Amino acid sequence: MAKDFTQGNPMKVIFTFAIPMLLGNVFQQLYSTVDSIIVGNFEGASAIAAVSASSSLQFFMISIAFGFTAGMSVVISQVYGARDFKKMKRVFSTGFMFVLVLACVLGVLGATISKSVLQLLGTHESILPNSVKYLRIMFLGLPFAFAYNMYAAVLRAVGDSKTPLYFLIISAITNIVLDYIFVAFFGMGVSGVAFATIASQAFSGVLCHIYIGKKIQIFHLSKDEWIFDKEILGAIINYGLPAAIQQSVVSMGMMFVQSFVNYYGPNMTAAYGVYGRIENLVTMPLMQFAMALSMYAGQNIGAGEEKRAKDGIKATMIMQIIFSFAMASILPSIAPTLIGLFGLADDADVVRLATMGIDFMSKFLIVFGLFQAFNQFLRGVGDTKFSMITSLVMMFIRIPATYMFVYIMPIGEISLWVGMLIGWSVAFIMNGIRFFSGGWRGKAYVSKRVAESEA
């Protein structure tokens, strides 16, 4: 069911909208986390390292199409806030066709270049074959992943964060079952978890397609309404391209970081893979509060409610601060237990390295949370280019800082996380200055409601 964010208490509205998104992302993270847990327990640390080594390239290709999906959701949220339902259908049909074709192209390209890129990143020969195998399967299934994520983004843009959650829960459970069957019974290793993920994502995409076609009148398109509108495509690209560039450059930066990780050997690659799964789960609430703010700000700016949009960022930051301090208190004490879930309790060096990262990250979560709040607010109100710039600067600062501490002024493995903190801090400061200076005003696609009778 669509929801109007221009009414009600900002904190309550954002929180209640974010929770289903958060739960959905928890289940979505189960895809990769359960993959690592199952291959770790049945195949060992080398299998986790193989999946981990492939994650940065996979994220790079996915992030390009995700950027345009984000651009479509920005346009839809603003058009929905303006109550221009006729145009919203055109946005949906145009965005759907564009993103799906893009996903197919990227899937083929990613499968083709997988081995070459992994070799460039210095992936250890002992894990390279499994990494290539895993990546190629995942890339060929990319359109299925985007079918779900596009539908979910559209539903969230109009205030419905619950429906994607329900389908994702079903899909995540399916993934867990298939993971266990393919790896434990059929001995398919990393190929098994890749096939399980693709099958589960395809299932959730089909469920969303059926639901939207039958239940959401706003997006119930007749044959004649499936139109590819060049003007709307221009708006989607205008908002989506900065997000796509932002995400792809950040993910490209993560490939450089992965090369730094690989420099310390297979144990570090495995440890960083485990750390990454835990980090994703811990930072997820911060990101989902910020994503909810993006939809909230988009609708309110579309309705001409600037003050209410700004009230939303205050409410979001309060939630970010509370959660960050709670995690700083809890995470260090439970880190060894979390790492043990991956079947690595007896690998002392892997446990040590993963614990180091979790402990460091937990102390500085607040910086990441506030950066995300500013960043998603700017994206929601249409200031996507500046949002892109700060994310690019974050990565351009992080890479040389990490390089310096790894090679020039070596301080050991902690270099990987010190560089991360420096990048977060610079991006947070830049976004804060942009918000308080008001440079984001006037960037929205629409900024007033159409006549209620027309709506």
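None of these values were measured; they are calculated from a predicted model. FYI, side chains are in, hydrogens and waters are out, and symmetry mates aren't considered; it's all heavy atoms of this structure.
Taking the side chain to side chain donor-acceptor pair (under 3.5 Å) definition, one finds that N300 meets it with R308, sequence neighbours left out. Every residue two or more places apart in sequence or in another chain was checked for a side chain to side chain donor-acceptor pair (under 3.5 Å) with N9, and none qualifies. Residues satisfying the salt bridge (charged side-chain N to carboxylate O under 4.0 Å, His left out) test with K89, not counting sequence neighbours, are E225. With sequence neighbours excluded, no residue satisfies side chain to side chain donor-acceptor pair (under 3.5 Å) with Q372. Take T112 and apply the side-chain contact (heavy atoms from CB on, under 4.5 Å) test, not counting sequence neighbours, and it matches V108. For F98, the ring-ring contact (aromatic ring centres under 6.0 Å, His included) partners are F68, not counting sequence neighbours. Every ring-ring contact (aromatic ring centres under 6.0 Å, His included) that Y151 has, sequence neighbours left out, goes to F96, H209. Under the side chain to side chain donor-acceptor pair (under 3.5 Å) criterion, T355 pairs with no residue, sequence neighbours left out. Residues satisfying the side-chain contact (heavy atoms from CB on, under 4.5 Å) criterion with I322, sequence neighbours excluded, are I318. Residues meeting the ring-ring contact (aromatic ring centres under 6.0 Å, His included) test with F228, sequence neighbours left out: none. Residues passing the ring-ring contact (aromatic ring centres under 6.0 Å, His included) test with F371, sequence neighbours excluded: none.
Judged as a side-chain hydrogen bond (donor to acceptor under 3.5 Å, both in side chains), the pairs with a partner in residues 90-108 (not counting sequence neighbours) are, in order, R90-D229.
Looking at heavy atoms from C-beta onward, K133 lies in side-chain contact with N130 at the 4.5 angstrom threshold. Between S362 and V282 there is no side-chain heavy-atom pair separated by less than 4.5 Å. The side-chain heavy atoms of T402 and V418, taken from C-beta on, include no pair separated by under 4.5 Å. By the 4.5 Å heavy-atom criterion applied to side chains, L142 and F146 are counted as neighbours. In this structure, the side chains of S294 and F377 stay at 4.5 Å or more apart for every pair of heavy atoms. Side-chain contact check for E279 versus I358: every heavy-atom pair is 4.5 Å or farther apart. Side-chain contact between I313 and F374 is present, with at least one heavy-atom pair separated by less than 4.5 Å.
F203 CZ: 12 or fewer foreign heavy atoms inside a 6.0 Å radius. Counted within 6.0 Å of CZ on F364, heavy atoms from surrounding residues, nucleotides or ligands total more than 12; the atom is thus considered enclosed. No more than 12 heavy atoms of other residues, nucleotides or ligands lie within 6.0 Å of CZ in F256, so this atom counts as exposed by the packing criterion. Heavy atoms from other residues, nucleotides or ligands lying under 6.0 Å from CZ of F182 number more than 12. Residue-environment remark: CZ (F360) exceeds the threshold of 12 foreign heavy atoms within 6.0 Å.
Ring to ring, Y263 and F260 are not that close: their centroids are 6.0 angstrom or more apart.
Using the six-membered ring where Trp is involved, W424 and F368 have ring planes that are tilted, between 30° and 60° apart.
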Do L421 and R398 pass the side chain to side chain contact (heavy atoms under 4.5 Å, CB included) test, and can you show the C-alpha distance, the side-chain angles, and the key distance before you say yes or no? CA-CA 8 Å; L421 174 61; R398 178 179 180 178; over 6 Å; no

